[in-house]
Structure formats: structure tokens, C-alpha cells
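A quick write-up on the structure given underneath.
Note that these values count all heavy atoms, side chains included, but never hydrogens, waters or copies made by symmetry. Naming: A, B, ... by sequence-line order, numbering from 1 per chain.
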There are 2 protein chains.
Amino acid sequence: MNSDIKELLKKSQLSVTASREKILQLFLEQEGALAHGDIEKKAGEKFDRVTVYRTLQTFVEKGIIHTIPTSDNSIRYALCKDDCASGHHHDHHVHFVCNECNNTFCLDDVVTPTIKLPSGYSQEHIEVVVKGVCKHCS
Amino acid sequence: MNSDIKELLKKSQLSVTASREKILQLFLEQEGALAHGDIEKKAGEKFDRVTVYRTLQTFVEKGIIHTIPTSDNSIRYALCKDDCASGHHHDHHVHFVCNECNNTFCLDDVVTPTIKLPSGYSQEHIEVVVKGVCKHCS
DNA sequence: AGGATAAAAGCAACGCTGTTGCAAAAAATA
DNA sequence: TATTTTTTGCAACAGCGTTGCTTTTATCCT
Ligand SMILES: [Mn+2]
Ligand SMILES: [Mn+2]
Ligand SMILES: [Zn+2]
Ligand SMILES: [Zn+2]
């Protein structure tokens, strides 16, 4: 299990460091998404704030995690389960935010719909965030 | 035109003040959405930063403007053209972010689709943000 | 219109967030 | 193991967003 983490880092051409292992582990043992603040609370005593920022940024660039837009000035991050590669993400799934537990989940099996846009607009990417009550809270 | 602004404020049970008039005017003469920073640049020399924050917050509460989620820690705001009331918004349209001009637009005529969720999840609200090239830039 | 009352704006201060440059430490490489 | 490269931690900083309090402004009532 721990070697899985090392392997994933190496596969992404990243050197294996304690902070990267720890932060990646947090994502693996977490069902929902994590905001920067969450990670800092769970791993921040061990690592510097700046390291967390840089690690998240690196993971996004390498296609290990992806961002989820929010309406409250706090980006959330979640593991890419699709085959995202360095520089190019392929996460086309819907995200769910629970109004009860306030968790954010990737609905990996729910693909984003195609939207018919007015003429002149071209669609390159689409983000869908559904709010409601999650399966754990209902 | 200026009386329109006063009327809208009164209709929302808000006292008519210089800052509210000015900020509301900015939204009316703007096609796309505005971030807090934009408003501060355009009206910030006349009004305090705090006033801008409080005005935006009030406008959202009163159903005059709505927020648009982003992936870059900067909420954007746009006029509600639907019949949003105090406390309850009814904006069910798609938002568009242009990768060229970096503007955000409300596609008021494009309604958000219904998403089939896994069992256990209930849908209360849905946000759809499409990224691509807008009609002005294509 | 003028005064009383309620509401909003401005000010100051503060904590939190995210960034940058640089030196020290750790990991990869040979 | 020694060298090179990469990452981390530290310090400092700017900007964001919030809060309490005072002053100013708008509304309401006479
Ligand atoms: Mn996801
Ligand atoms: Mn809109
Ligand atoms: Zn929940
Ligand atoms: Zn454009």
C-alpha cells in the first residue's frame, strides 16, 4: 500500500519525499475532496504551509489530483481516477457538494452532459457541481 | 435610467445610497460578470473596500446578484435576470468563461440540465460552468 | 422642512491566505 | 559515497476578507 504511493509518484516523474507521500496518502484514504486548509490541518504540523501549496500545485500539474470549483473562495482537490496525464486532465465527471456534511465528492460514474450553446460560443471544458444531500446523510 | 436603479433598490427594500447606486450601475452597464476586484478598481476610489464587500453581500442576499463558482479563488458576481427574491435565488442558467478575454457570461437562455445521480443522492441545486471561446473572441 | 431614529459607510486593526527569494536539507544520480 | 539536482523550510511580504466601533447618511415621523 505504501509502495503504491511511491510507485504513483515515480510514475509521475516526481521524486519521492515525505511530504508528498503523506499528502498523497491523505487523498487515498479520503472519500471526498480536500481543501488546502484540510490538508494543512491533517499534515501541517509535520510540514510547512508552503510545502503543502507547492505539493498540491505539483500534483495538479502532474495529473494526480484535480480542482473542483466552489462558490466560497476555497478550491477543493480530489484524486484523478481517470487517466489524467501530466499537463492534461480528462476528468469529465460531475461533482457533488453535500449541504449536510459539507463534503465534496467526485461522482466518477456520472459524466458531464453536453450543453447546447448559443452560436458563436465554443465549448472546450465543462464543470458541473450539484448541491444536495449525499448518500451518507440522507 | 438612474431612476431604474433607485427603483430596483427600493423594490429590494434597501435604502438608496451612493455606493449601492454606483455598484448596481456597474453591473447594469456590464455584459459579463464582475469579481470583487473589478468593482474595487472601478468604484474603489470613491468607496471603501469594506463597503464594496458589504454591498455585494447585501445584493446577493436580496436576490439582485448571484455568485458564479470558479477554480481560482475569486468568486464572480452577475445580475439576476430571473425573478430572484430576497433569500431565494432562481438562477438556473449556464455560465460561460472565455479562455481568450477571460470574461464570464451568464447564458440566460441556456437552462441547466437535469443530472441522473446515483441512488442516495438528492439534487437541490446545480451549477454548470462551461469554458471555451466566447462569441466576441471567436 | 426639521429633528429623531435607524441604517450604512468609513476607518483602523487584525488574522488568514497565498506567493516569493533564498539558504539548508534531502533525494536522485553517477 | 560523492556530486548534482530537487525539494523543503524559513522569513518576509502583499492582498484578501472580516470585525468592532465611530461618524455620516438616509429614512421616517411630526
Ligand atoms: Mn472529481
Ligand atoms: Mn448568471
Ligand atoms: Zn453529506
Ligand atoms: Zn471572450
- Task: Run the numbers on H136(B) and Y121(A) for ring pair (Phe, Tyr, Trp, His ring centres under 6.0 Å), then give the verdict.
- Result: CA-CA 9 Å; H136(B) 306 102; Y121(A) 289 90; 7.6 Å; no
- Message: Could you walk me through whether H90(A) and H92(A) satisfy the side-chain hydrogen bond (donor to acceptor under 3.5 Å, both in side chains) test, starting with their C-alpha distance in whole Å, then the side-chain angles of each, then the deciding distance to 0.1 Å, before giving a yes or no?
- Response: CA-CA 6 Å; H90(A) 305 287; H92(A) 297 316; 5.0 Å; no
Take atom [atom1] of [X] and atom [atom2] of [N], then tell me their distance rounded to the nearest Å.
{"X": "I39(B)", "N": "dG17(D)", "atom1": "CD1", "atom2": "C1'", "value": "14 Å"}
{"X": "K46(B)", "N": "dT25(D)", "atom1": "NZ", "atom2": "C1'", "value": "13 Å"}
{"X": "K41(A)", "N": "dT17(C)", "atom1": "NZ", "atom2": "C1'", "value": "13 Å"}
{"X": "F47(A)", "N": "dA24(C)", "atom1": "CZ", "atom2": "P", "value": "22 Å"}
{"X": "E45(A)", "N": "dG9(D)", "atom1": "CD", "atom2": "C1'", "value": "16 Å"}
{"X": "E21(A)", "N": "dA26(C)", "atom1": "CD", "atom2": "P", "value": "15 Å"}
{"X": "L9(A)", "N": "dA26(C)", "atom1": "CG", "atom2": "P", "value": "18 Å"}
{"X": "L56(A)", "N": "dT19(C)", "atom1": "CG", "atom2": "P", "value": "11 Å"}

- Walking DNA chain C from its 5' end, the first of Q13(B) and Y53(A) to be reached, judged by nearest nucleotide, is Q13(B)
- Message: Need to verify one output field. Residue with the more 5' nearest nucleotide on DNA chain C, H36(A) or S15(B)?
- Response: S15(B)
- Query: Side chains of C84(B) and H66(B): does their closest heavy-atom pair fall under 4.5 Å?
  - Reply: no
- Item | Pairwise 5' ranking along DNA chain D for E40(B) and A18(B), keeping only the more 5' one | E40(B)
- Between T55(A) and L14(B), the residue closer to the 5' end of DNA chain D by nearest nucleotide is T55(A)
- Apply side-chain contact (heavy atoms from CB on, under 4.5 Å) to the pair T104(A) and Y77(A), showing each step before the final yes or no. CA-CA 9 Å; T104(A) 301; Y77(A) 301 87; over 6 Å; no
- Residues T17(B), E21(B); criterion side-chain contact (heavy atoms from CB on, under 4.5 Å); working and verdict: CA-CA 6 Å; T17(B) 67; E21(B) 284 184 287; over 6 Å; no
- D48(B) has its side chain closest, among dT27(D), dG10(C), dC16(D), to dG10(C)
- Message: Taking the minimum atom-to-atom distance to the side chain of R54(B), which one of dG17(D), dG10(C), dT8(D) wins?
- Response: dG10(C)
Could you check whether [X] gets within reach of a base, just the sugar-phosphate, or nothing at all, counting any heavy atom under 4.0 Å?
{"X": "R20(B)", "value": "sugar-phosphate"}
{"X": "T58(B)", "value": "nothing"}
{"X": "K10(B)", "value": "nothing"}

- Message: Between N73(B) and dG18(C), is there a contact of a side-chain N or O with OP1 or OP2 at under 4.0 Å?
- Response: yes
- Message: Is there a side-chain contact between T17(B) and the phosphate of dT25(D), meaning an N or O under 4.0 Å from OP1 or OP2?
- Response: no
- Query: Under the 3.5 Å rule, do the base of dG18(C) and the side chain of R49(A) count as making a donor-acceptor pair?
  - Reply: yes
